[in-house]
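Remember, predicted model here, so these are calculated numbers, not experimental data.
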Amino acid sequence: PLPIGALSGVGAAAKERLTSYGIRTLGDLAAAPEPVLQKVFGQRAEMMRQRASAEDDSEISLGRAVKSVSHEATFSDLLTERADIHGALVALLGKVARRLRRKGLKARTLAVKVRLEDRSVRNSQMGLPQPSDDEIELAVHLDELLDKVWRGGERVRLLGVRASGFTTKGIEELQGSLFDPSQMEA
């Protein structure tokens with residue numbers, strides 16, 4: 001059984017309150033009395049029960065244009081070392097890049113999100129020299145973005161990477177051909 005802390009939306013305070021009611025797993029949360037969930041989550045009580053039960057009746061919308069592709073991770077052990085933070089960003093970027101390739105998209109903008117121990121959030125984004133779906137090309141920009149949102153010693157709770165500003169065109173279509181097709185010999 002998964003612990004309640006594995007569910008997005010259950011932070012330290014909610015986890016402590018749920019544990020005081022004997023709720024320790026997602027199964028416990030799904031079966032908890034409504035008044036208890038109301039005390040802990042307020043208006044979000046039913047939504048949190050459904051999420052714990054893996055139920056979701058929200059409509060699926062087909063044909064919506066993708067505006068961004070992102071991936072985030074929350075860390076139970078806060079990250080404090082630059083190498084660990086950078087490594088986590090590279091891993092997240094790899095997941096984003098794979099999703100871009102599956103969707104046939106290339107991003108023109110890359111962004112990084114950091115949530116610190118005090119729950120403050122910092123974001124930074126940058127335009128890319130050329131659209132890309134390649135994590136190696138994109139990774140060279142992570143240090144610059146990280147420098148804008150994190151200072152040494154700060155304790156990181158969450159990291160995220162987002163790609164946006166998409167094109168499905170190939171680089172040649174964006175930049176034009178190196179050779180004039182009318183000058184090419186058959």
Side-chain angles (χ1 to χ4, degrees), residues 1-81 84-100 102-103 105 107 109-125 142 145-146 148-151 153-166:
L2 287 174
I4 53 174
L7 184 63
S8 176
V10 177
K15 183 177 177 181
E16 186 177 320
R17 291 187 71 195
L18 289 167
T19 303
S20 74
Y21 289 108
I23 300 169
R24 291 179 175 77
T25 67
L26 295 185
D28 295 340
L29 179 57
E34 185 66 27
V36 170
L37 295 182
Q38 285 289 331
K39 286 179 186 175
V40 176
F41 296 113
Q43 295 178 1
R44 300 181 316 131
E46 184 55 31
M47 176 193 71
M48 295 303 286
R49 176 194 308 282
Q50 289 175 350
R51 291 176 68 200
S53 303
E55 298 172 9
D56 188 359
D57 15 348
S58 54
E59 290 185 30
I60 297 173
S61 173
L62 300 176
R64 241 177 39 191
V66 176
K67 294 184 179 179
S68 67
V69 173
S70 63
H71 203 81
E72 293 182 351
T74 302
F75 305 97
S76 54
D77 293 329
L78 303 183
L79 302 181
T80 57
E81 299 297 321
D84 295 335
I85 295 167
H86 187 268
L89 286 172
V90 168
L92 293 169
L93 178 62
K95 293 177 181 184
V96 168
R98 282 189 292 281
R99 288 173 57 199
L100 290 174
R102 271 198 312 266
K103 295 175 183 287
L105 301 171
T109 305
L110 185 64
V112 167
K113 173 181 178 178
V114 173
R115 179 175 294 139
L116 300 173
E117 181 178 30
D118 66 2
R119 299 197 184 272
S120 63
V121 176
R122 296 183 192 148
N123 297 288
S124 184
Q125 69 178 24
L142 287 178
L145 289 167
L146 181 57
K148 293 178 182 179
V149 295
W150 180 77
R151 289 163 199 78
E154 291 179 319
R155 296 166 52 92
V156 174
R157 173 181 301 279
L158 174 143
L159 290 170
V161 173
R162 184 184 78 243
S164 60
F166 299 123

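Between Lys39 and Tyr21 there is a side-chain heavy-atom pair separated by less than 4.5 Å. Put simply, the side chain of Leu158 does not reach to within 4.5 Å of the side chain of Val114, judged on heavy atoms. In this structure the side chain of Leu37 reaches within 4.5 angstrom of the side chain of Leu29, judged on heavy atoms. At a threshold of 4.5 Å between non-hydrogen side-chain atoms, the residues Arg162 and Glu72 do not count as touching. Using a 4.5 Å cut-off on side-chain heavy atoms (C-beta onward), Ile23 and Val40 make no contact. At a threshold of 4.5 Å between non-hydrogen side-chain atoms, the residues Val112 and Lys148 do not count as touching. Side-chain contact between Ser164 and Thr109 is present, with at least one heavy-atom pair separated by less than 4.5 Å.
In this structure Arg44 satisfies the salt bridge (charged side-chain N to carboxylate O under 4.0 Å, His left out) test with no other residue, sequence neighbours excluded.
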Under 3.5 Å, which donor-acceptor pairs do the side chains of residues 85-100 form with other protein atoms, sequence neighbours left out?
{"from": "Arg98", "atom 1": "NH1", "to": "Gly94", "atom 2": "O", "distance (Å)": "3.4"}
{"from": "Arg99", "atom 1": "NH1", "to": "Ser70", "atom 2": "O", "distance (Å)": "2.6"}

Run the side-chain contact (heavy atoms from CB on, under 4.5 Å) check on Val156 and Thr80 step by step: do they pass?
CA-CA 6 Å; Val156 174; Thr80 57; over 6 Å; no

Any chance you could lay out the side-chain contact (heavy atoms from CB on, under 4.5 Å) test for Val161 and His71, step after step, and finish with the verdict?
CA-CA 6 Å; Val161 173; His71 203 81; 5.8 Å; no

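The shortest heavy-atom contact between Val10 and Leu18 is CG1-CD1, 4.2 Å. Closest approach of Ala163 and Ala107 over heavy atoms only: CB-CB, 3.6 Å. Smallest separation of non-hydrogen atoms from Glu34 and Ala45: OE2-CB, 3.8 Å. Nearest heavy-atom pair, Arg49 versus Ala31, reported as atom, atom and distance to 0.1 Å: NH1-C, 4.1 Å. Between Ala12 and Arg119, the shortest heavy-atom contact is N-NH2, 3.6 Å.
Residue pairs that meet the salt bridge (charged side-chain N to carboxylate O under 4.0 Å, His left out) test with at least one member in residues 11-32, sequence neighbours left out, do not exist here.
To the nearest 0.5 Å, atom CG of residue Leu79 and atom CD of residue Glu154 are 12.5 Å apart.
Within 6.0 Å of atom CD in Glu81, 12 or fewer heavy atoms from other residues, nucleotides or ligands are found, so the atom counts as exposed in its surroundings. Asp118 CG: more than 12 foreign heavy atoms inside a 6.0 Å radius.
No donor-acceptor pair under 3.5 Å is formed between the side chain of Arg115 and the backbone N or O of Gly160.
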